[in-house]
Amino acid sequence: MLDLRIIREDPDRIRQALRDRGFTHTTPVDEVIQADAQRRHFVTQQQALRAQVKQTARSIGTLMRQGKRQEADQLIADQARLKQNGKEFAAKAAETDETLRALLLSLPNVPHESVPVGRDAADNAVVHAQGEMPEADFELLPHWELAEHLGLIDFARGSKVAGAGFPFYVGMGARLQRALIQFFLDQAARFYTEIQPPLFINEDSARGTGQLPDKEGQMYHVRIDNLYPVPTAEVPLTNYYRGEILSEADLPIKLCAHTPCWRREAGSYGAHVRGLNRLHQFDKVELVQFTHPDRSYDALETMRADAENLLTLLGLPWRRLLMCTGDMGFNQAKQYDLEVWSAGQQRWLEVSSLSNFTSYQARRMSIRYRPAAGGKPRLVHTLNGSALALPRIVAVLLENNQRPDRSIALPEVLHSYMGIPEIR
RNA sequence: GGAGGGGUGGCAGAGUGGUCGAAUGCACUGGUCUUGAAAACCAGCGUACCGCAAGGUACCGGGGGUUCGAAUCCCUCCCCCUCCGCCA
């Protein structure tokens with residue numbers, strides 16, 4: 001959610017942000033301004049009437065105590081009319097308030113000035129690339145063939161038991177999962193507080209981080225208890241402080257967690273979702289930060305470096321994309337994506353997305369801090385990023401490190417976690 | 001799942017229909033006193049919204065209702081505690 005005051009005072013800035021993001025019209029801005037004016041008008045009216053009702057009620061109380069029953073009855077008769085008017089204004093105020101809120105939720109975050117203006121993925125800026133793309137004088141197989149050959153992942157039985165996108169990891173495949181989770185968490189826990197969050201979240205939490213209402217179809221839903229299996233640890237971690245006032249001295253607060261992530265991925269299909277490329281359930285280590293508003297962009301850079309360090313340690317060729325205004329997430333003010341080169345598929349795969357939400361999520365969730373110097377609570381800035389999502393890392397580890405005999409050399413950082421230097 | 005008891009300001013804890021946004025204590029902040037500190041005393045001390053301001057409105061777990069008037073009565077949902085049942 002955006003700051004109403006900014007919309008009121010600098011609507012052109014919001015209009016420009018909408019255009020940059022590829023919105024065809026900027027009328028929502030005007031609708032917000034109109035609804036806001038209406039709402040304030042109704043609220044003022046309602047409150048004035050309410051004040052009258054209260055005042056009269058007090059008079060009635062006094063008269064009753066003095067035994068002036070008749071005069072009291074006279075006032076009581078008057079109250080009915082006031083109350084009726086009050087109800088009408090209250091209804092109007094509530095209605096415009098709802099309209100306003102819905103409109104506000106329809107406005108995306110304002111991109112940071114460093115974000116390139118662009119239409120779609122083609123306009124994202126590759127700002128850094130690192131590592132060697134493997135070359136081989138033998139045919140490089142895609143991970144699903146390697147995984148099957150080595151008996152690491154059983155897609156078919158996963159389909160039988162749960163459905164497409166729910167693989168079984170078997171033997172060294174399962175162990176590799178465990179090793180990566182452990183490795184990622186060990187690295188993250190050096191700078192972030194390790195958390196084991198609930199794996200189901202309620203409606204309020206889903207609303208807090210913005211999964212509801214617009215991304216509803218992406219989550220699974222347990223109807224009987226109205227709970228959602230987490231689509232990402234971002235949701236429980238960011239909601240950890242929902243509705244709270246933190247103390248400035250505690251900022252930045254840095255949390256990390258490993259969770260499975262469940263996503264319906266409705267509408268996805270085709271060759272690009274083969275194997276591990278897109279799953280309904282996958283593991284991820286997530287980083288979340290709550291920062292002072294002046295330091296969120298610095299925090300984004302360090303968080304980004306934290307994730308990149310993992311890729312470097314794993315010896316994978318990776319690149320960093322600065323997402324353009326048109327391809328960036330709705331809630332984000334600035335977003336980096338990290339991609340790794342898949343030798344078996346000859347394309348880049350996204351393995352991490354790191355974002356600064358500025359006060360956009362914090363406002364909707366009401367996460368604030370009390371300034372050390374005193375004064376009113378102010379909104380924190382929230383950030384999150386994956387470090388990292390497992391499946392595509394597994395895919396690339398297999399593909400990029402395959403040998404002519406189809407055995408897999410494991411990167412050195414994983415040797416102690418795996419207990420072996422290679423999979424064969 | 002069944003029965004019962006509870007949810008009040010940072011914490012503790014009064015308040016069961018009428019100036020209650022809410023006593024009191026603790027904590028915290030400022031001041032007086034003091035060489036300094038403690039103690040004592042005095043003052044302050046929630047959040048949001050409306051308003052140029054004065055001021056007003058809302059919030060006593062959430063939502064709804066009764067009433068001229070609700071922290072207080074009713075309904076409903078959530079959470080916590082105790083006992084029983086079940087279970088890892």
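All chains are named by letter (A, B, ...) in the order of the sequence lines, taking the proteins before the strands, and each is independently numbered beginning at 1. Values below: all heavy atoms of this structure, side chains included; hydrogens, waters and symmetry mates excluded.
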Quick one: [X] [atom1] to [N] [atom2], roughly how many Å, whole number?
X: A:Arg50; N: B:rG56; atom1: CZ; atom2: C1'; result: 12 Å
X: A:Leu4; N: B:rC50; atom1: CG; atom2: P; result: 8 Å
X: A:Lys54; N: B:rC59; atom1: NZ; atom2: P; result: 8 Å
X: A:Arg58; N: B:rG21; atom1: CZ; atom2: P; result: 7 Å
X: A:Arg363; N: B:rU47; atom1: CZ; atom2: P; result: 18 Å
X: A:Met365; N: B:rA48; atom1: CE; atom2: P; result: 17 Å
X: A:Asp97; N: B:rA48; atom1: CG; atom2: P; result: 16 Å
X: A:Gln52; N: B:rU57; atom1: CD; atom2: C1'; result: 13 Å

Taking the [atom1] atom of each, how far is [N] from [M], in whole Å?
N: B:rU19; M: B:rC26; atom1: C1'; answer: 28 Å
N: B:rC50; M: B:rC41; atom1: C1'; answer: 40 Å
N: B:rC81; M: B:rU32; atom1: C1'; answer: 46 Å
N: B:rU82; M: B:rC11; atom1: C1'; answer: 24 Å
N: B:rU29; M: B:rC52; atom1: C1'; answer: 31 Å
N: B:rA12; M: B:rG64; atom1: C1'; answer: 32 Å

For [X], answer base if it contacts any base atom (sugar-phosphate contacts may also be present), sugar-phosphate if it contacts only those atoms, and nothing otherwise; contact means non-hydrogen atoms under 4.0 Å.
X: A:Gln47; result: base
X: A:Thr56; result: nothing
X: A:Ile60; result: base

Indicate whether OP1 or OP2 belonging to B:rU47 is found under 4.0 Å from a side-chain N or O atom of A:Arg370.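 For B:rU47, OP1/OP2 do have a side-chain N/O of A:Arg370 under 4.0 Å.
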
Hey, is the side chain of A:Arg39 poking within less than 4.0 Å of OP1 or OP2 on B:rC50, counting only N and O atoms?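 Yes, A:Arg39 has a side-chain N/O under 4.0 Å of OP1/OP2 on B:rC50.
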
With both distances under 3.5 angstrom, what nucleotide forms a Watson-Crick or G-U wobble pair with [N]?
N: B:rC83; result: B:rG2
N: B:rA43; result: B:rU29
N: B:rA37; result: none

Heavy-atom pair with the smallest gap, counting every atom of A:Phe23 and A:Ser106: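 Closest pair (atom of A:Phe23, atom of A:Ser106, distance): CE2-O, 4.3 Å.
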
Of the nucleotides B:rG18, B:rC50, B:rU47, which one has an atom closest to the side chain of A:Ala57?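 Nearest to the side chain of A:Ala57 among the choices is B:rG18.
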
Measure from the side chain of A:Ile76, starting at C-beta and using heavy atoms only, and say which of B:rC68, B:rU47, B:rU57 lies closest.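 It is B:rC68.
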
Please figure out whether A:His41 or A:Gln46 has its closest RNA chain B nucleotide nearer the 5' end.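 The residue whose closest nucleotide sits nearer the 5' end is A:His41.
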
Test item: side-chain donor near acceptor, A:Thr382 and A:Gln361, under 3.5 Å: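 Yes, side-chain donor-acceptor contact under 3.5 Å.
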
Will you find, in the side chains of A:Glu286 and A:Tyr192, an N or O donor that is under 3.5 Å from an N or O acceptor?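 Short answer, no.
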
Verify the ring-centre separation between A:Phe184 and A:His258: is it less than 6.0 angstrom?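 Not under 6.0 Å, so no.
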
Kindly write out the residues that satisfy side chain to side chain donor-acceptor pair (under 3.5 Å) with A:Asn239, not counting sequence neighbours, or none if the list is empty.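 Testing A:Asn239 for side chain to side chain donor-acceptor pair (under 3.5 Å), a comparison that skips the adjacent residues, returns A:Arg242.
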
By side-chain contact (heavy atoms from CB on, under 4.5 Å) - contacts of A:His415 (at least two apart):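 With neighbours one apart ignored, the set is A:Leu410, A:Glu412, A:Pro421.
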
